[in-house]
Amino acid sequence: MSKALHIDDTILSSRLFLGTAGYPSPDILRQAIKISKPGLITVSLRRESAAGKGQKFWDILKSFNIPVLPNTAGCHSADEAVTTAEMAREIFETNWIKLEVIGDDYTLQPDPFGLLDATKRLVSKGFTILPYMTDDIVLAEKLVEAGCDILMPWGAPIGSGRGLNNPIALQEMRKRFPDKTLVVDAGIGAPSHAAAAMEMGFDAVLLNTAVAKATDPVAMAGAFAKAIEAGREAYLSGIIAPQETASASTPMIDKPFWHQNG
């Protein structure tokens, strides 16, 4: 595929970003990573620590030599998010951070004000911000002004599996920011949802629950990897525009082709 995806100077091998929470076992997580070969692996510093993940979990992540993207999941204020990001930088030795500031406990919708505040503070500290956000264009513009080259709008609320709730807003964001890296983050439930995002021209898809909670997480991880690749290839190939009326795929002629030379 043309034009490799990169963050800063790191070229990513895949446009699938895979979360690591909620798998039935560390071994299933390992197999899911192995079959899907994600470009990034995301880890929540607060939630993984609270869950008591042991050395085996960290050894699995290190064994793949895939870039790790720590996130600030579980943070409900800019102060919490900034502190968590600074801790993650020390532990993972990376300036990358998936920035989450939750504003509503029911929908897990991000707090736009806290997100923007934390973004400005972390950019000034040298972080590369991947902000988890809604599909709000105004917020997107403010985040870009604050220094974000990557935007990560949700498809639907975290873990809902609904897919792309507002495709028109996502398409508008793609048009409005043609030179920014756009990643659909959250709400994806099926490989077809991921393919649809890639067909719109999004650069990557980040997901977790759709794989971790599937009946067969390993097979589902492989299915998502294929869907994302297919969606990207379709986008690059040029998808035909919908038409108001039917259009015959073969030309109309007076005689069957085998009579043309008679």
Side-chain angles (χ1 to χ4, degrees), residues 1-7 12-20 32 35-42 69 71 73 98-100 107-110 129-137 139-140 143-144 148-214 217 219-242:
M1 299 181 187
S2 64
K3 203 172 183 181
L5 180 62
H6 64 89
I7 298 178
L12 305 181
S13 61
S14 169
R15 294 170 184 272
L16 166 63
F17 299 170
L18 189 64
T20 56
I35 195 171
S36 62
K37 300 180 175 63
L40 284 179
I41 300 172
T42 66
L69 174 65
N71 67 53
K98 176 189 170 184
L99 187 59
E100 297 184 31
T107 63
L108 299 181
Q109 181 170 325
I129 307 299
L130 287 77
Y132 165 62
M133 57 183 292
T134 62
D135 49 31
D136 187 311
I137 290 291
L139 174 60
L143 289 168
V144 168
C148 290
D149 290 322
I150 302 171
L151 299 171
M152 300 208 302
W154 67 357
I158 294 173
S160 68
R162 294 177 187 171
L164 308 181
N165 271 0
N166 195 346
I168 293 175
L170 294 174
Q171 289 170 339
E172 179 60 29
M173 188 172 291
R174 179 69 285 177
K175 291 177 185 177
R176 189 72 65 91
F177 303 100
D179 300 323
K180 300 301 178 184
T181 297
L182 300 186
V183 181
V184 169
D185 175 16
I188 296 296
S192 57
H193 301 156
M198 299 304 293
E199 288 171 3
M200 288 180 187
F202 275 74
D203 297 286
V205 173
L206 193 158
L207 54 94
N208 187 161
T209 305
V211 170
K213 300 302 183 183
M220 187 62 77
F224 268 107
K226 294 172 186 174
I228 288 170
E229 186 174 340
R232 176 65 177 176
E233 191 168 348
Y235 171 73
L236 294 176
S237 299
I239 299 170
I240 65 170

Checklist entry - What distance do L69 atom CG and K98 atom NZ have between them, rounded to the nearest 0.5 Å? => result 7.5 Å
Checklist entry - Under the salt bridge (charged side-chain N to carboxylate O under 4.0 Å, His left out) test, which residues partner E199, sequence neighbours left out? => result none
Next on the checklist: Could you check whether any side-chain N or O of D203 sits under 3.5 Å from a backbone N or O of V183, counting only pairs where one atom can act as donor and the other as acceptor?
Outcome noted: no
Item to check | From CG (L151) to CG (L139), nearest 0.5 Å | outcome: 8.5 Å
Checklist entry - For the atom pair CG (D135) and CG (L182), what is the distance rounded to the nearest 0.5 Å? => result 12.0 Å
Checklist entry - How far does CZ of F202 sit from CG of L164, to the nearest 0.5 angstrom? => result 8.0 Å
Item to check | Check: T42 main-chain N/O paired with T20 side-chain donor or acceptor under 3.5 Å | outcome: yes
Checklist entry - How close do Y132 and E100 get, heavy atom to heavy atom, and via which atoms? => result CB-CG, 3.7 Å
Item to check | Shortest non-hydrogen contact from A156 toward R162 | outcome: CB-CB, 3.7 Å
Checklist entry - Quick one: are I7 and L40 in side-chain contact, heavy atoms under 4.5 Å? => result yes
Checklist entry - Is any side-chain heavy atom of I158 less than 4.5 Å from a side-chain heavy atom of T107? => result no
Checklist entry - How far does CG of L130 sit from CG of L99, to the nearest 0.5 angstrom? => result 9.5 Å
Next on the checklist: Would you say that F177 contacts L143 through its side chain, given a criterion of any heavy-atom pair below 4.5 Å between the two side chains?
Outcome noted: no
Item to check | side-chain contact (heavy atoms from CB on, under 4.5 Å) between L206 and V184, intermediate numbers included | outcome: CA-CA 6 Å; L206 193 158; V184 169; over 6 Å; no
Item to check | Non-hydrogen atoms of L16 and A221 that approach each other most closely | outcome: CD2-O, 4.5 Å
Checklist entry - Under the salt bridge (charged side-chain N to carboxylate O under 4.0 Å, His left out) test, which residues partner D136, sequence neighbours left out? => result none
Next on the checklist: As a quick check of understanding, evaluate side-chain contact (heavy atoms from CB on, under 4.5 Å) for M173 and I137, giving each step before the final call.
Outcome noted: CA-CA 6 Å; M173 188 172 291; I137 290 291; 3.9 Å; yes
Item to check | Atom of Q171, atom of M200 and distance for their closest heavy-atom approach | outcome: CG-SD, 3.8 Å
Checklist entry - Between P38 and S14, what is the shortest heavy-atom contact and its length? => result C-CB, 3.8 Å
Checklist entry - Where do L207 and H193 land on the side-chain contact (heavy atoms from CB on, under 4.5 Å) test, with the steps shown first? => result CA-CA 11 Å; L207 54 94; H193 301 156; over 6 Å; no
Next on the checklist: Could you report the tightest heavy-atom contact between G39 and L12, atom names first, then the distance?
Outcome noted: O-CD2, 3.7 Å
Next on the checklist: Just so I know, are the side chains of F224 and V205 near enough to count as touching, which here means a heavy-atom distance under 4.5 Å?
Outcome noted: no
Checklist outcome for this item: Rounding to 0.5 Å, atoms CG (D185) and CG (N208) come to a distance of 10.0 Å
Item to check | Pairwise side-chain contact, I129 with C148, heavy-atom cut-off 4.5 Å (strictly under) | outcome: yes
